[in-house]
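Notes for the one structure printed next.
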Amino acid sequence: MVLINITEEMMSEAKKMAVDMVNNGLYNRFGGDFDYQVEKAKIGCIGEIAFEEYLANSNIPFATDRTGHGERHSDDFDVKINNKTIDIKTAKTERIPIPKWTYGYPKQQMGMSKNYIVICYYSPSRNTVGIYGWMEFSRLTEFPVTYKNNFANFSYKTPNHEFPISELNTDIGLLINEVTR
């Protein structure tokens, strides 16, 4: 796992990205008013920014998709390296993830052509993002669709392919080797 310290500038950028996304048609899978949608989107954005920081610090060239969300209501990818696309997903938690936790990947995003997903967690009290692990996007269909997180017992707002995070490869260096060759 890789830990990234979150600066004020990174948090400000995440909020600006989130506001732009919600204003420009980001699919609202969480419900709630504008401020709630922005807060949820900001969590995802801070994970993306942390991953980008990791890549920049590692001198790995990458592209991002910051286009509007008007017609498709999402981006094509979060990060692209050598034409390999990565979707970053981030959960907000104060606890360090343990292998028996489960993570839900939104079913409505399954039609997109991404090569990998990276799962991060954001700790507001520590101001850190942990880049926890990754898997090939195509593996998500191996996992059942559910409306309830089987570990933490909370309801998802939309159907999710849920998997134990023990299924993730926690060797981020191996992912980098996969996408840079």
Side-chain angles (χ1 to χ4, degrees), residues 6 10-11 13-51 64-79 85-125 128-168:
I6 303 305
M10 294 163 85
M11 189 56 72
E13 182 182 348
K15 180 155 188 189
K16 181 186 178 312
M17 281 173 59
V19 167
D20 287 347
M21 291 165 72
V22 174
N23 276 334
N24 290 303
L26 174 69
Y27 177 74
N28 178 9
R29 72 176 186 269
F30 299 112
D33 63 11
F34 178 83
D35 291 336
Y36 182 76
Q37 291 176 51
V38 167
E39 191 58 33
K40 287 297 204 179
K42 185 173 80 173
I43 293 166
C45 293
I46 198 63
E48 292 172 23
I49 290 167
F51 191 74
T64 59
D65 181 9
R66 300 273 199 265
T67 57
H69 294 81
E71 286 185 24
R72 53 191 182 173
H73 302 292
S74 73
D75 48 22
D76 284 335
F77 58 89
D78 293 328
V79 172
T85 56
I86 301 171
D87 192 19
I88 315 293
K89 293 296 181 196
T90 307
K92 179 180 170 183
T93 181
E94 292 300 336
R95 296 181 290 176
I96 296 173
I98 57 175
K100 62 183 178 178
W101 282 13
T102 55
Y103 192 91
Y105 188 92
K107 181 181 175 191
Q108 76 261 25
Q109 293 183 343
M110 289 304 296
M112 301 174 170
S113 59
K114 296 176 181 167
N115 300 107
Y116 301 94
I117 62 166
V118 170
I119 303 299
C120 299
Y121 71 94
Y122 166 57
S123 167
S125 70
T128 58
V129 167
I131 303 171
Y132 186 81
W134 63 279
M135 77 168 55
E136 291 182 20
F137 187 83
S138 60
R139 286 207 51 221
L140 289 170
T141 59
E142 298 172 17
F143 303 101
V145 173
T146 183
Y147 287 86
K148 190 169 214 159
N149 183 285
N150 287 301
F151 176 78
N153 205 31
F154 64 83
S155 294
Y156 294 118
K157 301 276 185 182
T158 62
N160 281 257
H161 285 272
E162 187 179 80
F163 56 89
I165 65 168
S166 61
E167 291 288 332
L168 296 171

Inset, instruction - Say whether, by atom type as modelled, one donor and one acceptor occur between the side chain of N160 and the main chain of T158 under 3.5 angstrom. - result: yes

Inset, instruction - Calculate, to the nearest 0.5 Å, the distance between atoms CD1 and OG1 belonging to I88 and T64 respectively. - result: 11.0 Å

Inset, instruction - Could you label the plane-to-plane angle of the Y105 and F137 rings as parallel, tilted or perpendicular, counting under 30° as parallel and over 60° as perpendicular? - result: perpendicular

Legend entry - E94 side chain to S125 backbone, donor-acceptor under 3.5 Å: yes

Legend entry - Charged N-O contact under 4.0 Å between R139 and E136: no

Legend entry - Separation between OG of S123 and NZ of K92, rounded to the nearest 0.5 Å: 10.0 Å

Legend entry - G104 versus Y156, closest heavy-atom pair with distance: N-OH, 3.3 Å

Legend entry - Side-chain heavy atoms of M11 within contact of K42, under 4.5 Å: yes

Legend entry - Note, F163 side chain near I119 side chain (heavy atom, < 4.5 Å): yes

Legend entry - 4.5 Å side-chain heavy-atom contact, N23 and F34: yes

Inset, instruction - For residues F143 and E162, determine if any side-chain heavy atom of one lies less than 4.5 Å from a side-chain heavy atom of the other. - result: no

Legend entry - Minimum-distance pair of heavy atoms, taken over all atoms of C45 and A14: CB-O, 3.7 Å

Inset, instruction - Describe, in one word, how the ring planes of Y132 and Y121 are oriented to each other, choosing from parallel (under 30°), tilted (30 to 60°) and perpendicular (over 60°). - result: perpendicular

Inset, instruction - Return the minimal non-hydrogen interatomic distance between I165 and P97, and the atom names on each side. - result: CD1-CB, 3.4 Å

Inset, instruction - Answer yes or no: is there a side-chain heavy-atom contact under 4.5 Å between V129 and M10? - result: no

Inset, instruction - Check for a donor-acceptor pair, side chain of N149 on one end and backbone N or O of T102 on the other, with a separation under 3.5 Å. - result: yes

Legend entry - Distance (rounded to the nearest 0.5 Å) between L140 CG and E167 CD: 11.0 Å

Legend entry - Residue pair I86 / D78, side-chain heavy-atom distance below 4.5 Å: no

Inset, instruction - For the residue pair V79 and E48, establish whether any side-chain heavy-atom pair is separated by less than 4.5 Å. - result: no

Legend entry - Over all atoms of both residues, closest heavy-atom pair of I6 and I46: CG2-CD1, 3.5 Å

Legend entry - Derivation and outcome, salt bridge (Lys or Arg N to Asp or Glu O under 4.0 Å), residues E13 and K16: CA-CA 5 Å; E13 182 182 348; K16 181 186 178 312; over 6 Å; no

Legend entry - Minimal non-hydrogen separation, C120 against G47, with atom names: SG-O, 4.4 Å

Inset, instruction - Would you give the length of the straight line joining atom OG1 of T93 to atom CD1 of I43, rounded to the nearest 0.5 angstrom? - result: 10.5 Å

Inset, instruction - Keeping the roles fixed (side chain from T85, backbone from N115), state whether a donor-acceptor pair exists under 3.5 Å. - result: yes

Inset, instruction - Just say parallel, tilted or perpendicular for the rings of F151 and W101, cut-offs at 30° and 60°. - result: tilted

